[in-house]
Every structure is written in structure tokens, then in C-alpha cells.
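First up is the structure itself, then whatever we jot down about it.
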Amino acid sequence: MNGEVRAGGSVKLDRQFPWVVALLAGLAISLQAAAEEDAVGDGEGAYLSANDRVHVVDEGFRATGMYAGRSFAVYVPENWVPSDTGGRLSLEIETSGLLTNANVTVTLNQVTLGTVPLEAGRRSSPLVLDVPSRAVVPGWNVLRLQFYLRASDDPCQDIDNPGLWAWIGAGSFLALPHTLKPVQPDLSLFPGSYSFCDAGGGTPGRPLITFLLPEKGESKLLEIAVVLAARFGAARLCAPGRIRAWFLDQPVQNLEGTHLVVLGTPDQVSEARAWGLPVKEILERMERLRQDHPQRETFGMLLESVNPRDTFRRLLVATGSGGEGLSLLREHLGDASALTRLAGAGALFLAAPILEEADPGDPSRITFAALKHDDIVLRGVTSTSYTFSIPVPRHWRLDENAHLHLHLRYPISFKRSSTLEVSLNGVPAWSREFVPDLGTLETRELEADVPVPALPPGTGALRVGFNLRIDVGSDDCARPYDDSLWVVVGKDSFVSLSHRTEEYLSLGAYPDLFVRGARLERVGFVLDRSSGSSGLTALLNAASALGARAGLPGDVALKAVWANDFERVPDQEKRARAWIVIDSGRIEPVLRPLAARAPLPLDDGGRVATEVKIRYAIPENVANAALWQVCRSPWKSVQPVLLVSAERPEAIAGSPLGAVWGDSRLHGNAAMFFPVNAGEDGFDDSPVKVLSLDVPTEAPGDISGPPRPHHDSRWIWLLASCMAFVLAVLFLRRLLPRMRS
């Protein structure tokens, strides 16, 4: 009997055994997939790619009160010609559940698009309105949403009711069918005429600006290229930098749908003939510009015309007479005041710009003007506010408090119960009674100390709100607003942050690590020639990101040098700058001190050592991956250095050096980027797998951090041990009965 029971149990185990093994294997695969999914992250963010759409709201906005309203600035590219049929406005609007009677009136440039009833508790189905083409103007358009929200029959009870609100979502957009008008050369629009929105709206897989350089060009050409890229990045209106670079002696590529920038001496520009560019016409224009100054042998020059491959895109030629002429051109491009004097289709530079004593600026003092805000006018007899996005570098460690300095202008007709309120990231931080001096119209400056815990590193939302009152009778309490009530928040208002630099460098702080105020003068680039056009593309996109993050216009004094020329850079300049080094293949001997400081040691071919791969669970085959490492400068320990390397140059262009904001997938001091389905031109909107690491460093002057892989491999080992234990138990349960019998 016992034998039959054992035999039956053996059969039962035989039937269950494959299912148990499959279950355990599935658990292992799920855990591994979850770890990999965690490593990949959610991507950098979505940008509208359809050419007929422009954003309305950068972030969601909550309007509160019976007569809540908000104006939005919507940019329509200068070369868009709206269709005669007009377009449509799609608004994501949610509402409070307390509403009994509500509507919203929408105007675009003071043209009323419609007044639409709003039901209580609205959550879905966007509000769509037709937009006549006559309401749209090139450049900035003003979209106004004026709400009328009611919860009772008495308007005086509803006027300040916080339970009356409407939310405008970030998915709102203006769809505007259009055609493109051919461009006209005009340097007075430079660099805004090369804005990424103007160049096609961020179409996936396409570069928006293409640089053409001679492969044997000197470092001065490289400097001109990074200064131009920074200028273009600052003119960004729609999407992060999508710059592509090619060498003039490479096979001809498709140049449609992209602005062109050609750099080189006149002889080098002649090489662009192979790309189908009108070289003869360019050289003749150069001679015509110079004919009034034939005795001046040293010159720099900008020439603008139309891309012969695409009449809707521009062609910019930046040239100079040898090394001195290129240096002259580079100085003018870096001088913000010199750009304001550009006009026409060409500019000739014969002398160095007159440099004024410039204020280097305090990076901890963030003015509203630097955030691209002009004077803000707030109106109404009820709550009115404006929210500023305050970027705080992620490598800053904030001290005790922030200081808010408001420069306000207002009239005299306020009641003494008016208030001024400040909140940070939705947390009330400060409130005071707003009492103007009666009998005169004057300017008043208000200051407030704001607690730092509400403004962490990253992007903080600072809301400045007024609850305005006027001495009127109850019959007038429901007026939408009174023109005599207004407050102007001056663009010279600022937030001052007391801080010190975070001791431990983190890749999550890119690109903030390399941006110091509205001037770019403390950053240098080093490029290995063997990285080819892929490395040059990555370098220019990095410069574009720094320009966009710095919020230029401002002086640009970026340094750029080929790796084999780096030893000629003066030691003082090496110590004065934070460096971004892009390397592929053999590391130049002059960069050996940097390679020794990098968290992950590299061999002569730029490969990670095998033992390091094993320790940090790095895939063995990383030929298609780009490696980022951040460390302290070997030339001056307070300066950060970013080393970007890869075994294959093509992998470098796939890493997000053009990201304007910090990548949430990055942390620690090392990361590997594994591109997925990279397109032919290196641009693809597919996710990029990311493996972020914290690698302890022990070199003098470096800061060590605890080893923290992006996913903890101990769970994998624990699961493997459990699997082995279960398999052993099953095996013994099958074997022991047979041994007993």
C-alpha cells in the first residue's frame, strides 16, 4: 500500500514538475524584465511632431474664482501661412463639481472664438473651437480664457469661492493647417530665424539644422560651430536641438527640410560645390562685400541666402581669412551686442568688437527677464496670479532660505483688505496685506523671505498671486474686472537662492552642471577626430542644450578644441573651464589624466574592463552603447568634467546630449545608453535604454559615492537560490522513496 502511495506521489510530481519549473522561470524573467524596464525609464518627454500643431500650455494651470481668467502666449512661426479654412483650438478643461452655472469665453488676439457652457465635474472630451485664419498673426499670439463660474444665486458669495475652479491641461494645442512661404535672407532676424520651430516643428527622424565643416579644419572652426549651436539653442521655441553635422568630403546627404550652415575659409567653402551649393555665387558675394575695403586682408564674414535644396530653409556661410579672420568672426558671434547690429544678407567684420565691461552675473540670482518673461500685468477685482517656472540646478545644495524680490507698479484704487500671496510648488509660503499709498501713483518694491524646502532642485513653480479689492457697493461686486485695478510685476523681479555646489557630482544634473547664469564662458569642448561626424553632431547638440538652458542672449565664450590640439591649451585655461570631452577609439595621451579620473577605467580602445562589467552587471557587448562619466577635473578639482565615449562613433550621436532638461533616468556618476532602432541620420524617437551607475572613486580630489546599480541584482541571485532549493527538494522527494524501496 505504501509503495502504491509513493508511486502515485511520484507520478503526481512528474506531472507538476514542468509547471513548477516554468513558474519559477517565469518569475525570474519577470523580475529581470522589471529591472530592465526600470533601467529604461519613460523617455525624455513628448513633443508634438505634427507640423500643423503648436502648444498652448507648457504646464497645467488652475484658474480659481468666479471671474477666473488666464492669457497664454502662443507662438506661430514667421514662415507659416495659415490656410484660408482656418484651424481649430483643442482645450483640455476640467471643472469643479460645485458648478451650477458656468461658461468660458475664448478669444485669440481679441477675436472671440466662442462662449461655451461648462458642465460641473467635466473630466474628458476636449473643448474644440474653430479658429478663423484672420485671427492668427505671425509670431506671438495672445490666447485669452475668461471663465464665469457660479455655485449660487448670489454673485457676492461666489466671487472669491475657492471651490470654483477650472483646470487647463497641458495637452491643449492649436492645430493650424498652413503652407510655408519661401524665406528671404535677413540677418537682422538671426539667430531666431533658425529656430527649431521655424524649421519644421520637430519632425521625428529629421535634423533641423545641418552643419557642413571641412574635416581638416582647425580648432577655431570648431569654436565658431559651438558658438552658433549655442545661439540656435537659445532661439529654441518648440523642441530640443536636432542638429546634424557632416564633413564636406563625406558622401552627399539629403539636405532638404533643414537649414544649412557652412563653415570654413574661402578655399574650404569651395569644397561645398560637391554638395550642390552655389559656391560661385557665394565667392562673388564675398568679393562684392570686400570691394570697399580691398586693403584689409584680415576679415570675418557672414553670408545668408536660401538653401538651394529647399527654398523654405536658409543657408548661412560663416567664413574668414585664415586663422585671424576666423578668430575675428568668432569674437563677433560671441558678443551679444554685435548681433543686434546685423542686417541684410551679409555682414563683414574688419575689427574686433568693442567689449564692454560685462557683469558676469550671479548664478544664484534668477531674474524673471532671464526666464523669458516681460512685465506681467495682472487685472481684476478677484484672485489673479501668475506662475513662474524657476529652474534650480540639480547639483546645488540650497542653504537656509530663498529671497524673493518683487518690483511692482500699481494704481491707487485698492482697498486695504487686498493681499499678496506667494506659493512654491503649490505650498503656500508667504502672505501679506497689500496696501498702496493713497493719493499717488508710484513704484513700490516688496521683498519676501521664502522657505527653501518648498523649492527643491529641479524646476519649481513659483506663483505670485493678488487678491485685489476695491471700495465699491455690493451691486458692483460681480463685475468681471475693473480697468482701474491692475498690478505690474516687473521683469527685473528676481529670486535669490543661497546655495553651495553639491559635493557629489551626478549625471542627473546635466546640463545644469555646465551652465553659469546667462553667460557661457566657463565651458570647453574637446573632440576626438576619430569620432567623425557622429562626435561632431553630439558636440553641437550639447552646445545647443547649454545655450537653451542658459537663456541667452548673452555673451558666449565657449572654447572648443580637437583632442590632438588640447596640449596647446594654456594650463590657466584648462583650470578655468568645465570640460565636455567626446572621445571615440584611442584616447589621446594628453587626456590620460582625465581617463585616470573617470569612475570606470577605459583601455586604449575606449573599452570598459571586463571585471568592471561583471561587477556592475554591464552587458558584455556594449559596442553600440555610449558611456557617460562625470568626475572632478584633473586640472582643477572644483570644475566638473563630462567624458562621453564609445567603441563605435555612431553610438555617441544617439545619447541625449541635446537634452535641455535633466533626464530623470540619470543618476550617479556613470551611465550607458543603448540606442534602439537608430535611424540612418542618427535621430530616432524610439526609447533609449539607460543603465545608470554610482561608482566609488578613490582618486585624490574626487568624491566617492556608494555603489548603487540602477537595479539591484541581489533579487536575481535570491530567486536563483530559491529555484535551486526547490529543484533540490523535488529531486530528493523523487529519489528517497526509490532508495527506501
Side-chain angles (χ1 to χ4, degrees), residues 73 75-81 137-141 180-200 208-211 224-225 227-238 241 243 258-263 278 281-282 284-293 299-308 310-320 325 328-356 358 369 372 374 518 520 544 547-548 550-556:
Y75 183 83
V76 175
E78 304 283 350
N79 66 334
W80 282 20
V81 180
V137 299
W140 292 107
N141 292 251
L180 296 176
K181 60 182 178 181
V183 301
Q184 295 294 328
D186 187 357
L187 287 174
S188 65
L189 303 176
F190 176 88
S193 52
Y194 295 80
S195 66
F196 301 141
C197 190
D198 176 70
L208 303 181
I209 299 180
T210 298
F211 280 71
I224 293 173
V227 171
L228 284 172
R231 293 291 185 201
F232 295 149
R236 175 186 60 89
L237 294 171
C238 285
I243 295 177
T258 176
H259 294 304
L260 291 181
V261 180
V262 180
L263 290 84
E281 176 187 342
I282 292 172
E284 290 176 352
R285 289 180 59 195
M286 290 175 58
E287 290 302 318
R288 286 197 298 270
L289 269 180
R290 291 193 58 209
Q291 64 185 3
D292 293 335
H293 306 276
F299 68 91
M301 188 179 296
L302 283 180
L303 294 174
E304 187 174 83
S305 58
V306 179
N307 179 355
D310 191 331
T311 57
F312 303 109
R313 306 293 183 250
R314 299 176 185 271
L315 166 63
L316 181 71
V317 177
T319 185
L328 191 61
L329 174 61
R330 185 250 168 276
E331 291 177 15
H332 280 272
L333 290 175
D335 181 22
S337 61
L339 298 183
T340 63
R341 298 189 291 270
L342 294 178
L348 180 66
F349 307 106
L350 300 174
I354 301 175
L355 299 179
E356 301 177 356
K372 305 296 185 183
D374 207 336
L520 289 179
S544 170
L552 303 172
D555 293 341
V556 178

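For the single chain, residues carry numbers from 1 onward in sequence order. All heavy atoms count here, side chains included; hydrogens, waters and symmetry mates do not.
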* Looking only at heavy atoms, which two atoms of A345 and P185 are closest? And how far apart? -> CB-CB, 3.8 Å
* Checking H332 side chain against A351 main chain: does a donor-acceptor pair fall under 3.5 Å? -> yes
* **Straight-line distance of R290 CZ to L350 CG, nearest 0.5 Å** => 8.5 Å
* Atom pair CG/CG of L187 and L339 - distance to nearest 0.5 Å -> 10.0 Å
* **Contact summary for A230 and L520, nearest pair of heavy atoms** => CB-CD1, 4.1 Å
* Asked: Short question: side chain of T210, backbone of T258 - any donor-acceptor pair under 3.5 Å?
  -> no
* Euclidean distance, L333 CG relative to E331 CD, rounded to 0.5 Å -> 10.5 Å
* To do: Give the intermediate values and the outcome of side chain to side chain contact (heavy atoms under 4.5 Å, CB included) for residues Y194 and L228.
  => CA-CA 10 Å; Y194 295 80; L228 284 172; over 6 Å; no
* Of all heavy-atom pairs between A225 and F211, which one has the smallest distance, and what is that distance? -> O-CE2, 3.9 Å
* To do: List the atom of I224, the atom of R330, and the distance in Å for their closest heavy-atom pair.
  => CG1-CB, 3.8 Å
* F232 and P191, any side-chain heavy atoms less than 4.5 Å apart -> yes
* Which residues satisfy the ring pair (Phe, Tyr, Trp, His ring centres under 6.0 Å) test with F299, sequence neighbours excluded? -> none
* Among T319, V262, V317, side chain to side chain contact (heavy atoms under 4.5 Å, CB included) partner for I282 -> V317
* Is atom CD of Q184 surrounded by more than 12 heavy atoms (other residues, nucleotides or ligands) closer than 6.0 Å? -> no
* **Donor-acceptor contact below 3.5 Å, side chain H259 vs main chain R314** => yes
* Considering all heavy atoms of both residues, which atom of D555 and which atom of A336 are nearest to each other, and what is their separation? -> OD1-N, 3.0 Å
* Structure fact -> dist L289:CG -> F349:CZ (nearest 0.5 Å) comes out at 10.5 Å
* **E304 backbone acceptor or donor facing R285 side chain under 3.5 Å** => yes
* Asked: How far apart are the closest heavy atoms of V183 and F312, and which atoms are they?
  -> CG1-O, 3.3 Å
* **Under 3.5 Å: donor-acceptor pair, side chain of N307, backbone of L315** => no
* How long is the gap from CG on L316 to CG on L303, to the nearest 0.5 Å? -> 8.0 Å
